[in-house]
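Computed from a prediction, not measured in an experiment: that's the story for all the values here. In each ligand, atom 1 is the first atom listed, and ligand 1 is the first ligand listed. Residue numbers run from 1 in the order of the sequence given.
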Amino acid sequence: MDLSVVIPLYNESESIEELNTWVTNTLNNRSISFEIIYVNDGSSDGSWDIIKRLADDSNNIKGISFSKNFGKSQALNSGFIECKGKYVATLDADLQDSPEEIPEMINKLKEEELDLISGWKKKRYDSLILKKIPSKLFNFVARCSSGIKIHDFNCGIKVFKSEVIKSIDVYGDMHRFIPILAKNEGYNKIGEHIVKHQARKYGKTKFGNERFMRGFLDIITLWFMNKFGKRPMHFFGSLGTIMILIGIIFTGYIGYEKLFIKTSGRLITERPEFYIALTTIIIGIQLFIAGFIGEIVLNSKSKKERYQITEKTVD
Ligand code: UDP
Ligand code: MG
């Protein structure tokens with residue numbers, strides 16, 4: 001099979017049938033063999049009944065349903081696990097992205113030998129204040145922190161080589177950073193393709209303004225995970241060592257002064273150096289403990305989870 005299309009959806013009953021016809025016709029016209037995997041993320045508006053009906057009518061349409069709304073990242077992840085196609089495309093269910101872009105994106109992926117290609121909503125039909133401006137800022141920070149030169153990290157439409165999506169774990173709200181997750185696993189041939197964008201036809205957006213705060217926190221997490229995720233002690237241990245060294249210097253200084261130099265007779269506990277030494281040593285020890293716990297957590301993962309193998313010549 002050439003292609004798996006994963007479509008996460010939460011209360012999009014008005015769009016599903018229109019979308020299904022659009023995707024199916026587009027891919028059939030281009031003679032691409034495909035499956036569509038709809039992931040119902042705890043909808044309460046009858047979306048799942050529509051998906052079940054579509055899946056009954058056609059054997060390349062599949063559905064997964066969650067017991068409650070777990071979020072777009074979880075929905076994508078569960079779809080990715082089921083994918084059987086050589087390439088995998090993601091698409092939002094709200095008809096904002098056009099499935100007609102998918103065949104072109106696959107061609108570009110093949111021609112340029114990319115690992116993944118992301119859509120770029122260059123001309124965007126969303127509100128200026130609530131979406132366009134914050135999103136520009138957000139993409140700028142994501143670009144700087146990850147070194148990936150694309151304009152629209154969170155575009156719903158993306159095409160991947162299947163091994164890329166099989167290697168990444170999209171959790172929490174990390175669907176906004178799939179290109180970064182891929183790069184962190186070593187898939188750094190990332191391209192982009194300008195896509196047509198439409199205003200939302202039915203319903204309204206499923207994400208509020210908290211998306212930006214969460215997005216920025218997640219960027220910090222990803223930066224940390226990429227740099228120190230496989231060696232937490234190097235991060236916590238370095239900071240801990242600096243703290244403890246500061247503590248030792250101050251302790252040595254007040255101890256030396258007390259023993260060998262005549263002082264004004266102030267008690268050690270009356271001196272700020274004492275408190276600096278005390279707090280830095282305590283913080284330093286805590287940082288070391290965080291480092292040890294990090295190493296224990298990392299060690300409890302199976303060996304295979306710690307790296308990605310792309311090719312092998314041993315059996
Ligand atoms: N979505 C989802 N679970 C959620 C929120 C959204 O599966 O908890 C789906 C939603 O149904 C749509 C896609 O993710 O297919 C993108 O959501 P939306 O259009 O609301 O986001 P926006 O376009 O405003 O960024
Ligand atoms: Mg949308």
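Here is the list of ligand 1 atoms found below 4.0 Å of a heavy atom in Arg200: 18 (P), 19 (O), 20 (O). Atoms of ligand 1 found under 4.0 Å from any heavy atom of Gln96, numbered from 1 in the order shown, are 19 (O), 23 (O). Atoms of ligand 1 found under 4.0 Å from any heavy atom of Leu9, numbered from 1 in the order shown, are 7 (O), 11 (O). Atoms of ligand 1 lying under 4.0 Å from at least one heavy atom of Asn69, given by number and element, are 3 (N), 4 (C), 8 (O).
With a 4.0 Å cut-off on non-hydrogen atoms, Arg124 does not touch ligand 1 at all. With a 4.0 Å cut-off on non-hydrogen atoms, Ile7 does not touch ligand 1 at all.
Residue Glu295 comes nearest to Arg231 through the heavy atom pair OE2-C, 3.8 Å, listed as atom of the first residue, atom of the second, then distance.
Remark: minimum distance from atom 1 (N) of ligand 1 to any protein heavy atom is reached at Tyr10 CB, 4.0 Å. Nearest protein heavy-atom neighbour of atom 10 (C) of ligand 1: Glu12 OE2, 3.3 Å. Scanning the protein for heavy atoms near atom 22 (P) of ligand 1, the closest one is Lys131 NZ, 3.5 Å. Among all protein heavy atoms, the one lying closest to atom 21 (O) of ligand 1 is Phe207 CD1, 3.5 Å. Closest protein heavy atom to atom 14 (O) of ligand 1: Lys72 CD, 3.3 Å.
A salt bridge links Glu12 with Lys206; the closest basic N to acidic carboxylate O contact falls under 4.0 Å. Between Asp152 and Lys121 there is a salt bridge, with a side-chain nitrogen of the basic residue lying less than 4.0 Å from a carboxylate oxygen of the acidic one. Taking the charged nitrogens against the carboxylate oxygens, Glu113 and Lys108 have no contact shorter than 4.0 Å, which rules out a salt bridge.
Among the atoms of Asp94, an N, O or S atom falls under 2.8 Å from the Mg ion (ligand 2). Because the distance cut-off is set at 2.8 Å, Thr205 fails to qualify as a neighbour of the Mg ion (ligand 2), as none of its N, O or S atoms comes that close.
Checked against a 3.5 angstrom limit, the closest N/O atoms of Asp92 and ligand 1 fall outside it. Ligand 1 has an N or O atom lying under 3.5 Å from an N or O atom of Pro8, backbone or side chain. Residue Ala93 has at least one N or O atom closer than 3.5 Å to an N or O atom of ligand 1. Checked against a 3.5 angstrom limit, the closest N/O atoms of Lys204 and ligand 1 fall outside it. Considering backbone and side-chain atoms together, Thr205 places an N or O closer than 3.5 Å to an N or O of ligand 1.
With 3.5 Å as the limit, one finds a donor-acceptor pair spanning the side chains of Thr205 and Arg211. Of the N and O atoms on the side chains of Ser15 and Asp94, not one donor lies less than 3.5 Å from an acceptor on the other residue. With hydrogens and angles left out, the side-chain atoms of Glu185 and Gln308 include a donor and acceptor closer than 3.5 Å. Using a 3.5 Å distance cut-off with no hydrogens or angles, the side chains of Tyr38 and Asn20 do pair a donor with an acceptor.
Which of Arg176, Arg211, Lys206 comes nearest to atom 25 (O) of ligand 1 through a heavy atom is settled by distance: it is Arg211. Of the options Asp94, Leu91, Asp41, Ile16, the smallest heavy-atom separation from atom 4 (C) of ligand 1 is shown by Asp41.
Contact annotation: His175 has no heavy atom less than 4.0 Å from any atom of ligand 1. The shortest separation from a heavy atom of Gly71 to ligand 1 is under 4.0 Å, placing the residue in contact.
In this structure, the ring of Phe216 has its center less than 6.0 angstrom from the ring center of Phe138.
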ring-ring contact (aromatic ring centres under 6.0 Å, His included) for Phe224 and Phe235? Distances and angles first, verdict last.
CA-CA 9 Å; Phe224 177 80; Phe235 177 78; 5.0 Å; yes
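A distance of 12.0 Å separates OG in Ser145 from NZ in Lys227, rounded to the nearest 0.5 Å.
Geometric assessment of Lys68 against the ring of Phe70 yields a positive cation-pi assignment under the 6.0 Å and 45° thresholds.
Membership of the apolar cluster around Leu217 extends to Met213, as traced through chained side-chain contacts below 4.5 Å between ILVMFWY residues.
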